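What follows is a single structure, written as structure tokens, with notes after it.
Below, chains carry the letters A, B, ... as their sequence lines are ordered, and counting in each starts from 1. Not measured: the values here are computed from a predicted model. Hydrogens, waters and symmetry mates play no part in the numbers below; they use all other heavy atoms, side chains included.
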There are 2 protein chains.
Amino acid sequence: MLSRKTKYAIKALLALSRKYEQGPVLISELSEKEMLPKKFLEAILLDLKNQGILGSKKGSGGGYYLIKAPADIMLSSIIRITDGPISLTSCVSLNFYERCDDCPDELTCSLRDVAKDVRDASLNILTKTSLQDMLDRETKLKKGRKKGKK
Amino acid sequence: MLSRKTKYAIKALLALSRKYEQGPVLISELSEKEMLPKKFLEAILLDLKNQGILGSKKGSGGGYYLIKAPADIMLSSIIRITDGPISLTSCVSLNFYERCDDCPDELTCSLRDVAKDVRDASLNILTKTSLQDMLDRETKLKKGRKKGKK
DNA sequence: ATATTAGTCTATCTAATTGGTAGATTATAT
DNA sequence: ATATAATCTACCAATTAGATAGACTAATAT
């Protein structure tokens, strides 16, 4: 399950996506409009900045802003920053590989084999879904509901 | 990521699968041969029993045994017992549904929409992979390694 | 019967993680 | 200079993960 941290990050990033190239947005504004605990959000945004997703500006007229286009920021990148590994086991993680301390032989571990498949299936979606894609989905979902479609 | 609990459970269940219909196996035997902490394993096995996966017998000649065929026990069932939800968000969980406390509208939440896709992709594998499948994979992996294949 | 065996129940315990807050500090625009 | 707003340091409480100890109960062998 995604942590609150990750959900907050995604919410904030979606809000920043809607204001892409419209100048910095205040933490307090993000916090209020998106209903995110301010101090916690602070830490999250700082994290996203240090990982190269956001830029920031201090002083009046300052705030946070996307450093890349919403279409170039993938869900997988966000999750990895705030939650770490996406895979079921660390032994198949592409970005956080670690040997399972007790595993006698990785090459013949059937769980690892399945975990690999699950990882590929998940990443196939998460590395292809950008913030822009999510905004698009949102508008589609809203339209769909208005027209009473499912 | 899967918890240790889940990994231990899978290890133990695979061992019990190899001895399917050969009578009960001692906790202590499982613990030693599979290198699992005994007391922790005790709790896990009891859990699996209460969830209808294992049977048990007390007294001498007793132990734990599979109550269904290895081909009928799916990875998804095991993970759900020991780790809970498989999905990224509780709002798309088939077995542990819960509303996201802060979500203003589930029907137009784009994260939920993506989480649904990821859930389907993961479950497509996990509900189709049985303990028997894992044993089969294991032997295949062992053969493959002997012959030097990849 | 009773001693032995082996699962079950209750109760802890520690360490790590999660979610969150407070307050001082530093950079910047005016 | 001063107000603004991000950044840094330092906590803190609650929960979960991982694990152990010991009493209790049921079944079996002798």
Side-chain angles (χ1 to χ4, degrees), chain A residues 1-12 16 23-32 34-51 53-67 79 81-85 88-90 96 98 100-102, chain B residues 1-12 16 23-32 34-51 53-67 79 81-85 88-90 96 98 100-102:
Chain A
M1 300 259 288
L2 297 180
S3 66
R4 263 164 209 269
K5 189 175 173 183
T6 294
K7 289 202 217 168
Y8 292 168
I10 292 169
K11 270 200 171 182
L16 288 173
V25 181
L26 293 183
I27 296 180
S28 51
E29 192 191 323
L30 280 173
S31 158
E32 282 164 32
E34 301 297 324
M35 305 268 288
L36 309 172
K38 191 178 167 203
K39 274 294 182 177
F40 195 18
L41 179 60
E42 256 182 57
I44 295 169
L45 293 175
L46 193 54
D47 214 351
L48 292 170
K49 182 201 164 186
N50 291 331
Q51 298 302 319
I53 295 213
L54 295 179
S56 69
K57 227 182 128 182
K58 285 185 178 180
S60 91
Y64 278 100
Y65 50 90
L66 286 188
I67 221 169
I79 295 175
I81 290 172
T82 48
D83 263 2
L88 291 183
T89 60
S90 61
F96 300 88
E98 234 177 281
C100 295
D101 38 352
D102 54 334
Chain B
M1 299 258 289
L2 297 180
S3 66
R4 261 162 210 269
K5 190 176 173 183
T6 294
K7 289 201 217 169
Y8 292 168
I10 293 170
K11 270 199 172 186
L16 288 173
V25 181
L26 293 181
I27 296 179
S28 51
E29 191 191 323
L30 280 173
S31 159
E32 282 164 31
E34 301 297 324
M35 304 268 289
L36 309 172
K38 193 180 164 199
K39 274 294 184 178
F40 194 17
L41 179 60
E42 257 181 57
I44 295 169
L45 293 175
L46 194 54
D47 214 351
L48 292 169
K49 183 200 163 184
N50 291 331
Q51 299 301 320
I53 296 214
L54 294 180
S56 68
K57 225 183 130 184
K58 286 185 177 178
S60 92
Y64 278 100
Y65 51 89
L66 286 187
I67 221 168
I79 295 175
I81 290 171
T82 48
D83 263 2
L88 291 183
T89 61
S90 60
F96 300 88
E98 235 176 281
C100 294
D101 38 352
D102 55 334

Nearest to the B/E42 side chain among C/dC9, C/dG19, D/dC8, which nucleotide is it? C/dC9
Less than 4.5 Å apart, side chain to side chain, heavy atoms only: is that true for B/K5 and B/D47? yes
Measure the distance from CD on A/E29 to P on D/dA6 and round it to the nearest whole Å. 10 Å
Would you kindly compare A/G59 and A/K5 by the position of their nearest DNA chain C nucleotide and give the one closer to the 5′ end? A/K5
Whether A/S56 side chain and A/G63 backbone form a donor-acceptor pair below 3.5 Å: no
Check every atom of C/dT21, C/dA29, D/dT20 against the side chain of A/P37 and return the nucleotide holding the closest atom. C/dT21
Taking any heavy-atom pair under 4.0 Å as a contact, classify B/L45: base, sugar-phosphate, or nothing. nothing
To the nearest angstrom, how far is A/L41 atom CG from D/dA6 atom P? 10 Å
Starting the side chain at C-beta, find the nucleotide from C/dT30, D/dA29, D/dA19 nearest to B/S60. D/dA29
If you look at every strand shown and take non-hydrogen atoms under 4.0 Å, does A/K38 touch a base, only sugar-phosphate, or nothing? nothing
In whole angstroms, how far is the P atom of C/dT30 from the NZ atom of A/K57? 7 Å
Identify, between B/G62 and A/D83, the residue whose nearest nucleotide on DNA chain C lies closer to the 5' end. B/G62
Atom-to-atom span, OH of A/Y8 to C1' of C/dT21 - whole angstrom: 13 Å
Gap between atoms OH and P, on A/Y65 and D/dA5 respectively (whole Å): 15 Å
Note: B/R4-A/D101 ion pair, threshold 4.0 Å (strictly below): yes
NA contact type, B/I27, heavy-atom cut-off 4.0 Å: base, sugar-phosphate, or nothing? sugar-phosphate
Among C/dA27, C/dC9, D/dG18, the one nearest A/K58 by side-chain distance: C/dA27
Spacing of A/I44 atom CD1 relative to C/dG19 atom C1', expressed in whole Å: 9 Å
Among C/dC9, C/dA27, C/dT21, the one nearest any side-chain atom of B/K39 is C/dC9
Value rounded to 0.5 Å, distance of CG in A/N50 from CD1 in A/I81: 9.5 Å
Length of the CZ-P vector between B/F40 and C/dT14, whole Å: 17 Å
Are any of the side-chain heavy atoms of A/L30 and A/L45 separated by less than 4.5 Å? yes
Rounded to whole angstroms, how far apart are CG on B/L26 and C1' on D/dT28? 14 Å
